[in-house]
Amino acid sequence: MKYNQVEIERKWQKRWEEEGTYHIDVRDATDKLYCLVMFIYPSAAKLHIGHWFNYGPTDTWARFKKLQGHRVFEPMGYDAFGLPAENAAVKTGVHPHHSTQENVNDIREQLKRIGAMYDWRYEIDTSVPEYYKWTQWLFLTLYNSGNAYRGKAPVNWCPDCKTVLANEQVVEGLCERCSSQVIKKDLVQWFFKITDYADELLEKLDDLDWPEKTKLMQRNWIGKSVGVEIKFTVDGTGDELNVFTTRPDTLFGVTYMVLAPEHPLVEKITTPEHKDQVKNYIEEAGKKTEIDRQSLEREKTGVPTGAYAVNPLNNEKIPVWTADYVLYSYGTGAVMAVPGHDERDFEFAKTFDLPIRNVILEPGKNENDPLEEAYIGEGTMIRSGKYTGVDSKTGIEQISDEIEERGLGKRKVNYRLRDWLVSRQRYWGAPIPIVHCPDCGEVPVPEDQLPVELPMDVDFRPGGESPLARSDEFVNTGCPKCGTAAKRDVDTMDTFVCSSWYYLRFPNAHLDTAPFDKEITNKWLPVDKYVGGSEHAVMHLLYARFITKALRDAGYLSFDEPFISLVHQGTITNQGAKMSKSKGNVVNPNSFVESYGSDIFRMYLMFMGPYEEGGDWSDSGIVGIDRFSRRIYHLVRDNNVHFTDTGSNGQIVFTELEGDARNLYRKCHQTIKKVTDDTGKFHFNTAVAALMELLNDLSRYAQNLQQKSDIEKAVFGHTMYHFIVLLAPFAPHLADELWEMCGKTESIFSKANWPVYDSTAVAAEEVTVVAQINGKIRAKFVVPAGTTEDALKEMALSDNNIKKHMNDKQLVKAIVVKDKLVNFVVR
RNA sequence: GCCCAGAUGGCGGAACUGGUAGACGCGCUAGCUUCAGGAGCUAGUGUCCGCAAGGAUGUGGGGGUUCGAAUCCCCCUCUGGGCACCA
């Protein structure tokens with residue numbers, strides 16, 4: 001028999017499919033383990049290395065768990081709505097539905113060649129009515145529980161194309177297509193109230209087995225800050241100006257105030273002589289898109305309104321400015337400026353020559369030292385009336401108390417997190433199931449009328465606010481409540497909505513009476529292991545957490561968090577750089593899969609480096625894994641008569657073994673331990689290395705196998721048996737082929753075959769101990785493990801090289817560490 | 001600018017809780033072998049000196065703690081990733 005990996009894979013993929021080896025019946029959730037990879041966006045580029053690196057190793061982990069006896073559910077599907085398909089359609093004229101389905105069909109075939117344990121009977125596609133019907137149900141559920149509302153929000157608007165642009169379609173403030181200046185335009189859009197869950201989203205992070213990095217990103221994104229909202233009054237008009245600050249201790253250092261240009265009070269309080277200037281400034285600021293603002297130099301801009309506000313604490317009159325460095329969307333949209341102790345205020349004050357007052361004395365500095373830059377740390381309060389001399393930390397509390405007591409404001413918690421804007425002025429998405437009735441207002445489409453189908457014959461080229469608005473047939477409908485003529489909402493949902501609940505759908509992929517069966521879902525979820533790229537660290541993962549909580553509160557789910565344990569795969573680079581079309585360094589997996597097969601390709605990806613760090617691709621490295629597989633195949637083929645199906649230990653007793661047999665047995669069980677530990681932790685690279693070591697020992701042992709005794713042959717067979725099982729998650733096709741070669745008739749994955757190591761055999765029996773003089777190694781000797789410290793010391797002292805180095809020196813100290821070293825400190 | 005992670009042979013990378021640096025693989029060198037072929041086997045391979053024994057040196061750079069540092073502390077350089085005026 002000649003080794004042909006590609007043929008082996010074809011054979012086993014066919015067998016597995018015919019026998020339903022990986023079929024899962026979700027009604028039985030005993031020992032359940034839900035292992036999920038982030039589903040795939042079906043782009044025209046198909047499967048790239050990053051996908052393989054996500055799916056291959058995760059499947060290895062899933063197989064490992066299956067071999068340990070878990071009922072593993074590992075589904076796959078398509079995140080099929082989205083902008084790229086729509087853009088391609090605009091360019092090529094091919095309908096997004098057709099291009100998407102075509103891509104899905106190709107990708108499915110490519111995915112099958114990975115040979116993962118996907119149970120294809122649970123495949124989902126977010127762009128088909130059978131799925132998006134329930135995305136719409138989700139919208140309505142949020143709507144009915146008060147978690148969806150309409151509000152104004154700006155969009156990027158291209159006045160020439162007369163269309164809404166995504167951030168990525170705006171390049172340096174200009175429209176990607178026609179290069180005209182993009183402006184902001186306010187539209188009424190739908191939001192989900194994720195901010196209501198800010199606290200829980202923040203607190204529950206502590207309980208999750210997620211990378212710390214990711215949790216930190218979510219914490220920063222939520223951006224909780226504790227402070228005080230303080231009421232300032234406008235001098236003369238008496239208008240109230242609320243500001244939020246985390247530093248009430250700096251109140252005596254306030255020298256001016258700033259309102260965001262969008263703040264409604266700006267117009268009202270501006271004095272006549274400043275009207276023109278302010279009006280112009282607001283207009284300019286309005287022209288700027290968010291992207292525009294980002295690409296601007298950091299030079300601060302702003303204009304005075306002519307109005308003055310009164311500091312409630314010291315009754316000082318301070319000028320009120322408007323400047324775009326203050327954001328309307330955060331806090332109250334207004335700030336009290338403390339240039340002495342805030343970097344941005346400092347910069348602004350310098351630019352416009354506003355007074356800078358030092359009110360927090362930096363430890364070690366003098367009260368009259370000039371401030372070179374804003375001092376944002378803690379210190380002693382100065383120039384602060386009755387608070388002078390108070391420690392700033394204490395001052396925060398005392399001033400907050402005074403503000404609350406005198407009714408000047410109250411303590412408040414602020415979040416950076418904003419509500420989730422889910423409206424998209426796009427065609428290729430799930431329509432928002434709302435009807436706007438002239439009499440009843442906004443009316444949700446009743447559940448029994450779902451799905452609101454996305455019409456196929458729509459002109460989706462740019463022009464106009466939403467493509468669906470151009471379909472009279474779609475727009476015009478009757479009000480579900482009163483029956484009079486009404487209009488459908490013409491926006492579609494953000495695709496993050498589709499992916500915020502798909503993990504709930506998988507176990508119920510084809511259920512047509514509900515989005516999911518409550519009982520099954522509450523048994524199979526949460527997802528036990530979720531694996532995907534860290535680019536989703538915030539948005540997708542935060543939205544999914546929010547949706548889970550919202551559905552829990554609506555009475556559908558009995559758990560709090562969707563993903564108990566999360567792993568991010570690293571990035572595979574090529575020549576040190578991220579693979580990208582523009583760099584021309586993209587490695588196409590297909591050619592490698594075709595010549596080496598899936599097992600070898602995925603094993604090489606795992607061997608390249610730590611999974612969570614990724615690695616640099618090299619064409620030549622894969623031959624090492626190819627050789628490894630070949631050597632395995634030949635070894636088993638030539639020695640299969642010695643295979644002994646000894647489940648665990650069988651008749652072999654470690655303590656009765658000697659010499660090579662004893663060593664091989666020990667190595668076998670050390671490898672079982674290492675591969676079990678490492679695979680469980682996604683440390684695939686070291687697990688594969690351990691398998692290679694074991695194979696090296698096995699090959700050496702096999703060289704004179706014929707001359708060996710029966711028990712020695714049995715140890716070989718025992719080790720070969722375990723080797724095949726340990727190999728199985730890494731090279732499933734090859735392992736099943738070897739398994740069959742050794743006389744097995746059922747797939748290796750049909751039973752819980754994973755071994756438990758023999759704990760009596762894993763400890764090293766001989767260790768190398770080093771002898772050092774002043775920390776430098778001067779001798780080494782191999783001794784039985786556990787040799788006493790005195791014996792080690794004696795041994796070291798009698799070593800010639802050690803004697804030589806001790807020679808005329810004075811022994812000061814001897815440090816002996818059992819099984820490790822002897823170190824003589826001499827002088 | 002801020003935050004996070006990292007830097008180990010020619011290359012990818014190992015290294016427990018501070019205790020033999022370089023496992024495993026690629027590449028390279030030599031030998032053997034086969035019906036040259038993307039083959040197989042054996043041995044060697046951090047660098048420098050040496051026939052060898054052995055010695056010196058070595059984990060981005062500089063300092064420190066320690067009997068002993070890739071690992072801990074301080075400073076610096078570089079690389080990758082994330083966030084963008086959050087009051």
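Each chain gets a letter, A, B and so on, in the order the sequences are listed, and its residues count up from 1.
Within the 4.5 Å cutoff, no side-chain heavy atoms of Met257(A) are placed close to those of Val335(A).
Taking every side-chain heavy atom of Tyr330(A) into account, A87(B) is the closest of A87(B), G38(B), C67(B). Here A14(B) is the nucleotide among A14(B), C26(B), G40(B) with the atom lying nearest to any side-chain atom of Thr686(A). Taking the side chain of Ala689(A) as heavy atoms from C-beta on, and the options C24(B), C86(B), G55(B), the nearest nucleotide is C24(B). Of the listed nucleotides (C86(B), A14(B), G25(B)), C86(B) has the atom at the smallest distance from the side chain of Leu327(A). Side-chain atoms of Tyr596(A) lie closest to G38(B) of the nucleotides G38(B), C24(B), C86(B). Considering only the side chain of Thr245(A), A87(B) comes nearest among A87(B), G55(B), G40(B). Distances from the side chain of Trp221(A) to the nucleotides A84(B), U57(B), G25(B) place A84(B) closest. Listed nucleotides C41(B), G38(B), A87(B) differ in distance to Gln703(A); the shortest reach to its side chain belongs to C41(B). Each of G82(B), C41(B), C67(B) was ranked by its minimum atom distance to the side chain of Met217(A); first place goes to G82(B).
Distance alone, capped at 3.5 Å, places no donor-acceptor pair between the Ser699(A) side chain and the Leu635(A) backbone.
Using a 4.0 Å cut-off between a side-chain N of Lys or Arg and a carboxylate O of Asp or Glu, Asp206(A) and Arg219(A) qualify as a salt bridge. With respect to the salt-bridge test (charged N to carboxylate O, under 4.0 angstrom), the residues Asp626(A) and Arg630(A) qualify. A salt bridge does not link Lys681(A) with Glu612(A): none of the charged nitrogens is closer than 4.0 Å to a carboxylate oxygen. A salt bridge links Asp199(A) to Lys224(A): at least one charged side-chain nitrogen sits closer than 4.0 Å to a carboxylate oxygen. In summary, Lys674(A) and Glu693(A) do not engage in a salt bridge, as defined by a charged side-chain N under 4.0 Å from a carboxylate O.
Taking atom CG of residue Asn801(A) and atom C1' of nucleotide G55(B), one finds them 10 Å apart after rounding to whole Å. Regarding Tyr325(A), its OH atom lies at a distance of 17 Å from the C1' atom of A84(B), rounded to whole Å. Residue Leu691(A) contributes atom CG, which lies 18 Å from atom P of A23(B) at whole-angstrom precision. Atom CG of Asn800(A) is separated from atom P of A52(B) by 21 Å (rounded to the nearest Å). Glu373(A) places its CD atom 12 Å from the C1' atom of G1(B), with the value rounded to the nearest Å. Distance, Tyr701(A) OH to C41(B) P: 20 Å, rounded to whole Å. Rounded to whole Å, atom P of G38(B) lies 19 Å from atom OH of Tyr3(A).
A distance of 7.5 Å separates CG of Leu408(A) from CG of Leu313(A), quoted to the nearest 0.5 Å.
Proximity of Asn696(A) to the phosphate of G25(B): a side-chain N or O atom is located under 4.0 Å from OP1 or OP2. Taking only side-chain nitrogens and oxygens, Arg778(A) comes nearer than 4.0 Å to OP1 or OP2 of G55(B). The side chain of Thr332(A) contributes no N or O atom lying less than 4.0 Å from OP1 or OP2 of A87(B). Residue Asn685(A) places at least one side-chain N or O under 4.0 Å from the OP1 or OP2 atom of A14(B). Remark: His805(A) is in phosphate contact with G55(B), judged by side-chain N or O atoms under 4.0 Å from OP1 or OP2. Using a 4.0 Å cut-off, no side-chain N or O of Lys213(A) falls inside it from OP1 or OP2 of C3(B).
The residue Arg827(A) sits apart from the nucleic acid: no heavy atom pair falls under 4.0 Å. No engagement by Asn414(A) is indicated, since no non-hydrogen atom pair under 4.0 Å with the nucleic acid exists.
Using the Watson-Crick or G-U wobble rule with both distances under 3.5 Å, C2(B) pairs with G82(B). Across all strands shown, G12(B) is found opposite C24(B) as a Watson-Crick or G-U wobble partner, with both distances under 3.5 Å. For C32(B), the paired base is G40(B) (Watson-Crick or G-U wobble, both distances below 3.5 Å). Across all strands shown, nothing is found opposite G18(B) as a Watson-Crick or G-U wobble partner with both distances under 3.5 Å. Across every strand in view, U71(B) sits unpaired, with no contact that passes the Watson-Crick or G-U test at under 3.5 angstrom. Pairing for A7(B) is with U77(B), a Watson-Crick or G-U wobble pair whose two hydrogen-bonding atom distances lie under 3.5 Å. Pairing for U66(B) is absent, with no Watson-Crick or G-U wobble pair whose two atom distances lie under 3.5 Å.
Ring pair Phe723(A)/Phe628(A) is perpendicular by interplanar angle, where above 60° counts as perpendicular and below 30° as parallel. Aromatic ring orientation, Phe496(A) versus His536(A): perpendicular (interplanar angle above 60°, classes split at 30° and 60°). Taking the six-membered ring where the residue is Trp, Phe601(A) and Phe592(A) present parallel rings, their angle staying beneath 30° rather than reaching 60°.
Taking the syn range as angles within 90° of 0, the glycosidic angle of G9(B) is syn.
Distance check on atom C1': C72(B) versus G27(B) gives 36 Å, rounded to whole Å. A70(B) sits 31 Å from G1(B) when the C1' atoms are compared, rounded to a whole Å. U47(B) and G10(B) have their C1' atoms separated by 12 Å, with the value rounded to a whole Å. Look at the C1' atom in both G37(B) and U20(B): the space between them is 44 Å, to the nearest Å. A distance of about 13 Å separates the C1' atoms of A23(B) and G12(B), rounded to the whole Å.
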Provide a list of protein-nucleic acid N or O atom pairs under 3.5 angstrom, restricted to nucleotides 18-22 of chain B.
residue: U20(B); atom: O2; partner: Lys780(A); partner atom: NZ; Å: 3.3

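Looking at which nucleotide of RNA chain B each of Glu613(A) and Glu693(A) is closest to, the 5′-most match is held by Glu613(A). Checking Arg627(A) against Leu216(A), the closest nucleotide of RNA chain B that is more toward the 5' end is the one next to Leu216(A).
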